[in-house]
Amino acid sequence: MKIKRNQLCGNLNKDNIGETVKLNGWINTRRVLGGITFVDLRDRYGLVQVRFDNDLPENILTIVKQLNMEDVIAVEGEVQHRPEGSTNKNMLTGEIEVVVKEFEMLNKSKPTPFEIKKRETGSENLRLKYRYLDLRTEKLQKNILIRHKALQATREFLSNDKFMEIETPFFIKSTPEGARDFVVPSRVNLGKFYALPQSPQTFKQLLMISGFDKYFQIVKCFRDEDLRADRQPEFTQIDMEMSFIDENDIQKVSENMLKTIFSKTIGKEIVTPFPKITYEEAMEKYGSDAPDTRFEMIIENVEDFAKLTNFKVFHSALENDGVIRALKVKNGAEFSRKNIDELTELAKTYGAKGLAFVKYKENEFQSGISKFIDEESGKVLIEKLKLIDNDLVLFMADKWNVSLTVLGSVRKHLGKKMGLIDNSEISALWVTNFPLFEYNEEENRYQSMHHPFTSPNEEDWQYLENNPKKVNSRAYDIVINGQEIGGGSIRIHSQEKQKRIFSALNISEEEAKQKFGFLLNAFEYGAPPHGGIAFGFDRLVAILAGEPTIREVIAFPKTTTAQSLMIGSPDIIDEKQLKELGLKIEIEK
RNA sequence: GGGGUUGUAGUUCAACUGGUUAGAGCACCGGCCUGUCACGCCGGAAGUUGCGAGUUCGAGUCUCGUCAAUCCCGCCA
């Protein structure tokens with residue numbers, strides 16, 4: 001490489017006019033006009049137009065005429081003001097150009113599978129295979145930069161607040177509760193396996209016991225579960241833990257940290273403190289524990305109305321411990337039968353048996369269940385929902401969580417479809433007072449809603465053994481624009497209490513000792529009161545970048561079948577490796 | 001584990017109700033062009049219609065299976 005850059009393409013401007021500069025970069029586009037050739041040269045910092053005139057030596061001209069997109073070149077030349085009428089206002093460096101005196105071809109490029117300057121010329125499938133090329137695109141360059149800034153802002157903010165970043169091990173051991181673990185066989189300990197951490201949960205609690213009263217780590221976590229747009233098998237968390245604190249301290253630090261991140265990465269000022277609602281209220285009003293509060297449409301209890309109707313579905317639901325809830329859709333009376341059928345189909349995917357509806361038009365109830373509504377019940381419904389002309393009402397009659405989850409999903413769907421969401425808005429809130437346990441129908445037992453180290457509310461300990469449903473916890477989630485982006489809790493810090501939780505979860509004393517003995521022992525040596533939170537960093541960056549999936553903010557993401565199309569992982573390993581590890585593959589069909 | 005959508009040239013898409021030699025833009029190759037910036041103009045090459053069966057006189061199109069991508073449900077302490 002003879003011509004080594006002393007300037008950056010995107011940084012040049014009028015002040016450089018007259019200077020002789022050396023540039024290195026990729027060819028974004030080239031325009032050969034016969035006697036003159038223009039090339040838009042690209043580096044990380046932007047584009048600049050480079051001009052090749054006809055008076056260059058023949059050997060250079062021959063190569064220049066054959067330049068292709070994505071060739072890597074070096075040029076030396078003078079920065080000049082473009083002639084009158086030839087400036088480009090759409091280009092940051094559009095007032096100038098570099099007139100080439102010396103040229104060096106650094107590396108040719110084959111035609112790329114898709115055009116870097118026009119990302120949509122490749123499907124996501126294709127771009128994932130050539131991710132290193134996708135990362136050249138303006139969009140991903142921008143997203144990865146936002147991610148970098150968010151990382152720096154986080155570290156700076158927390159370090160300034162006395163938090164220490166401490167690394168915890170990746171090779172740990174498998175735990176009974178929670179997601180499936182990724183496991184790693186140990187060659188030195190034949191027949192034994194490490195597990196990769198789903199989170200550094202127990203380690204950060206141990207660090208509190210060690211006296212590092214403010215810990216954080218930006219850390220990879222691993223979960224072997226099925227993927228989604230917002231879920232990857234390996235993902236990044238901002239993991240935090242503090243001692244001698246309560247919920248308010250953690251929430252305050254979190255709010256200030258998020259405020260700093262939003263401000264420093266995308267220049268957006270968000271308002272703190274964030275509103276708080278309880279889990280129950282979130283479910284009752286929005287049908288979700290991660291409500292999108294950027295639009296209204298509140299779910300209402302319409303049992304008084306339901307009792308007055310002679311609609312059998314309502315009555316049998318109420319007799320079977322069910323609830324009746326309704327969602328009012330403004331102007332929804334205009335929906336066609338097909339529109340409503342689609343909503344019903346959506347409802348069914350969330351476990352609804354059906355979705356009752358009625359339209360309120362010209363002061364009367366029409367279609368759907370209108371024939372079951374008489375004057376008296378109609379009046380109650382109009383009053384409860386403050387119905388006006390052209391409203392549509394959707395009803396769910398089922399178990400509490402089914403009714404609300406279904407209406408919540410319909411609400412979210414309609415919010416998007418009807419354009420009720422202002423995408424420039426950032427709406428953050430805390431959801432608090434979660435139940436400690438949820439019932440797992442399949443396994444016929446209670447399991448932790450968050451994790452087994454979460455402290456119940458002080459006044460709820462009394463119900464732990466006899467009425468676990470009634471126990472709420474000191475857990476809190478942070479929700480932004482309807483996405484859970486963080487969650488944490490005040491932890492248990494007494495051995496005796498932790499044992500009671502394990503026992504309530506049906507984890508035997510023996511198993512608790514085997515899996516978590518180290519933590520239970522540690523609790524005996526002066527464990528301070530502590531708590532923490534973890535943020536889904538990928539989701540946070542996706543919100544910062546305005547992206548719908550976290551794949552767009554991860555440099556090398558995996559597909560929804562947990563594969564890398566680029567490197568072809570996972571892959572088989574050879575016999576020798578298997579033998580060394582004492583493993584044999586048997587796949588049942 | 002289940003459901004929806006998709007798979008056609010390097011690539012993005014098209015191809016009617018199952019019917020001639022599967023078309024177009026961009027990219028690529030060749031030629032022309034001194035102020036372009038999605039440069040333009042002329043010409044060219046480019047296909048195992050994801051894969052495998054089946055139905056049919058005939059399948060890109062219909063059926064079944066399979067693989068892959070994606071969205072969702074379950075799952076995700």
Side-chain angles (χ1 to χ4, degrees), chain A residues 28-40 47-55 65-66 68-70 82-91 93-94 97 109-130 175-181 197-199 201-202 221-233 235 342 345-352 405-406 409 412-413 434 436-438 440-443 446-454 473 475 484 487 489 501 505 507 515-516 534 536 548-549 551 558-561 563 565:
Chain A
N28 201 58
T29 45
R30 47 107 180 75
R31 297 176 288 279
V32 184
L33 275 68
I36 187 171
T37 297
F38 296 105
V39 159
D40 291 341
L47 291 170
V48 69
Q49 176 164 284
V50 168
R51 191 179 96 204
F52 296 88
D53 284 332
N54 234 6
D55 53 9
K65 294 213 165 139
Q66 289 170 356
N68 281 27
M69 287 192 287
E70 300 309 311
R82 294 199 197 179
E84 195 71 23
S86 290
T87 55
N88 185 347
K89 279 177 197 149
N90 299 322
M91 206 173 173
T93 59
E97 62 188 355
S109 171
K110 288 212 300 191
T112 49
F114 58 94
E115 291 172 55
I116 308 304
K117 63 179 174 184
K118 220 174 161 192
R119 192 174 179 230
E120 62 277 14
T121 55
S123 62
E124 187 176 16
N125 198 352
L126 185 78
R127 285 186 277 110
L128 281 172
K129 185 173 173 190
Y130 297 96
T175 52
E177 293 272 303
R180 293 184 185 89
D181 288 314
Q198 301 171 25
S199 96
Q201 184 59 37
T202 50
C221 300
F222 308 89
R223 289 175 193 175
D224 188 9
E225 295 292 348
D226 288 357
L227 273 50
R228 289 281 196 287
D230 60 354
R231 266 192 243 160
Q232 286 270 311
F235 60 99
E342 277 167 16
E345 282 312 305
L346 177 77
K348 282 180 179 168
T349 67
Y350 289 89
T405 305
V406 166
S409 308
K412 204 170 168 179
H413 172 82
F434 279 83
L436 186 65
F437 301 121
E438 59 190 342
N440 184 327
E441 308 262 349
E442 236 168 77
E443 292 177 27
Y446 283 98
Q447 61 186 40
S448 296
M449 193 143 179
H450 276 85
H451 55 61
F453 315 107
T454 304
S473 70
E484 182 200 326
S489 63
I501 297 290
L505 286 168
I507 297 174
K515 299 289 185 187
F516 299 112
T549 90
R551 289 189 299 275
K558 298 206 167 39
T559 66
T560 48
T561 50
Q563 299 182 50
L565 296 179

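Sequence lines set the chain letters: A, B, ... in the order given, protein chains first and strands last, and positions in each chain run from 1.
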Decide yes or no on salt bridge (Lys or Arg N to Asp or Glu O under 4.0 Å) for A:D226 and A:R228, but give the supporting numbers first. CA-CA 7 Å; A:D226 288 357; A:R228 289 281 196 287; 6.0 Å; no

Taking the minimum atom-to-atom distance to the side chain of [X], which one of [options] wins?
X	options	value
A:V32	B:C33, B:G74, B:G35	B:C33
A:F38	B:C75, B:C37, B:G35	B:G35
A:R231	B:U36, B:A68, B:C76	B:C76
A:L126	B:U11, B:C75, B:A69	B:U11
A:R228	B:U70, B:C33, B:C75	B:C75

Would you indicate what [X] reaches in the nucleic acid, counting non-hydrogen atoms under 4.0 angstrom: base, sugar-phosphate, or nothing?
X	answer
A:T87	base
A:F114	nothing
A:S86	base
A:P113	sugar-phosphate
A:T37	nothing
A:Q201	base
A:L346	nothing

N/O donor-acceptor pair under 3.5 Å between [X] side chain and [Y] backbone:
X	Y	value
A:Q198	A:C221	no
A:R51	A:I36	no
A:T121	A:F114	no

Can you find a heavy atom in the side chain of [X] that is under 4.5 Å from one in the side chain of [Y]?
X	Y	answer
A:T202	A:T175	no
A:M69	A:I116	no
A:P83	A:E97	yes

Using the [atom1] atom as the reference point in each nucleotide, state the distance between [N] and [M] in Å, no decimals.
N	M	atom1	result
B:A68	B:U21	C1'	31 Å
B:U6	B:A14	P	10 Å
B:C32	B:A69	P	47 Å
B:G50	B:U70	C1'	16 Å
B:A45	B:A22	P	14 Å
B:A59	B:U12	P	27 Å
B:A9	B:A15	C1'	14 Å
B:G65	B:C57	C1'	26 Å

May I ask you to verify if any side-chain N or O of [X] is less than 4.0 angstrom from the OP1 or OP2 atom of [N]?
X	N	result
A:T559	B:A69	yes
A:R551	B:C71	yes
A:T349	B:G4	no
A:S123	B:G7	no
A:R31	B:U36	no

Quick one: look up who [N] pairs with, Watson-Crick or G-U, both distances under 3.5 Å, and put none if it's unpaired.
N	answer
B:G23	B:C13
B:C62	B:G54
B:U8	none
B:C41	B:G31

[X] [atom1] to [N] [atom2]: how many Å, rounded?
X	N	atom1	atom2	answer
A:N88	B:U36	CG	P	11 Å
A:K129	B:G7	NZ	C1'	15 Å
A:N54	B:C32	CG	P	12 Å
A:D40	B:C37	CG	C1'	6 Å
A:D53	B:U36	CG	P	15 Å
A:L227	B:A69	CG	P	11 Å
A:Q49	B:U34	CD	C1'	13 Å
A:L33	B:C33	CG	P	11 Å

Along nucleotides 26-31 of chain B, 5' to 3', which nucleotides get a B, which get an S, and which get a -, given that the test is a protein heavy-atom distance under 4.0 Å? SSSS--

In terms of the nearest nucleotide of RNA chain B, which residue is placed more toward the 5' end: A:G351 or A:S199?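 Whichever sits nearer the 5' end wins; that is A:G351.
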
Using the closest heavy atom to pick a nucleotide of RNA chain B for each, name whichever of A:E120 or A:M449 lands nearer the 5' end.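 It is A:E120 whose nearest nucleotide is closer to the 5' end.
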
Record whether the side chain of [X] comes under 3.5 Å of the base of [N] through a donor-acceptor pair of N or O atoms.
X	N	answer
A:E97	B:G35	yes
A:R51	B:C37	no
A:N125	B:G7	no

Shortest non-hydrogen contact between A:V48 and A:T93, atoms and distance: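 Minimum heavy-atom separation between A:V48 and A:T93: CA-OG1, 3.4 Å.
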
Closest non-hydrogen atom pair, A:F235 against A:F222: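 Smallest interatomic distance, heavy atoms only, reads CE2-N, 4.3 Å.
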
Under the salt bridge (Lys or Arg N to Asp or Glu O under 4.0 Å) test, residues paired with A:K558 that sit two or more places apart: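 In terms of salt bridge (Lys or Arg N to Asp or Glu O under 4.0 Å), with neighbours along the sequence ignored, A:K558 is linked to A:E234.
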
Report the residues that fulfil side chain to side chain contact (heavy atoms under 4.5 Å, CB included) with A:A475, sequence neighbours left out, ordered by chain and then residue number.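 In terms of side chain to side chain contact (heavy atoms under 4.5 Å, CB included), with neighbours along the sequence ignored, A:A475 is linked to A:F434, A:H450, A:T454, A:S473, A:S489.
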
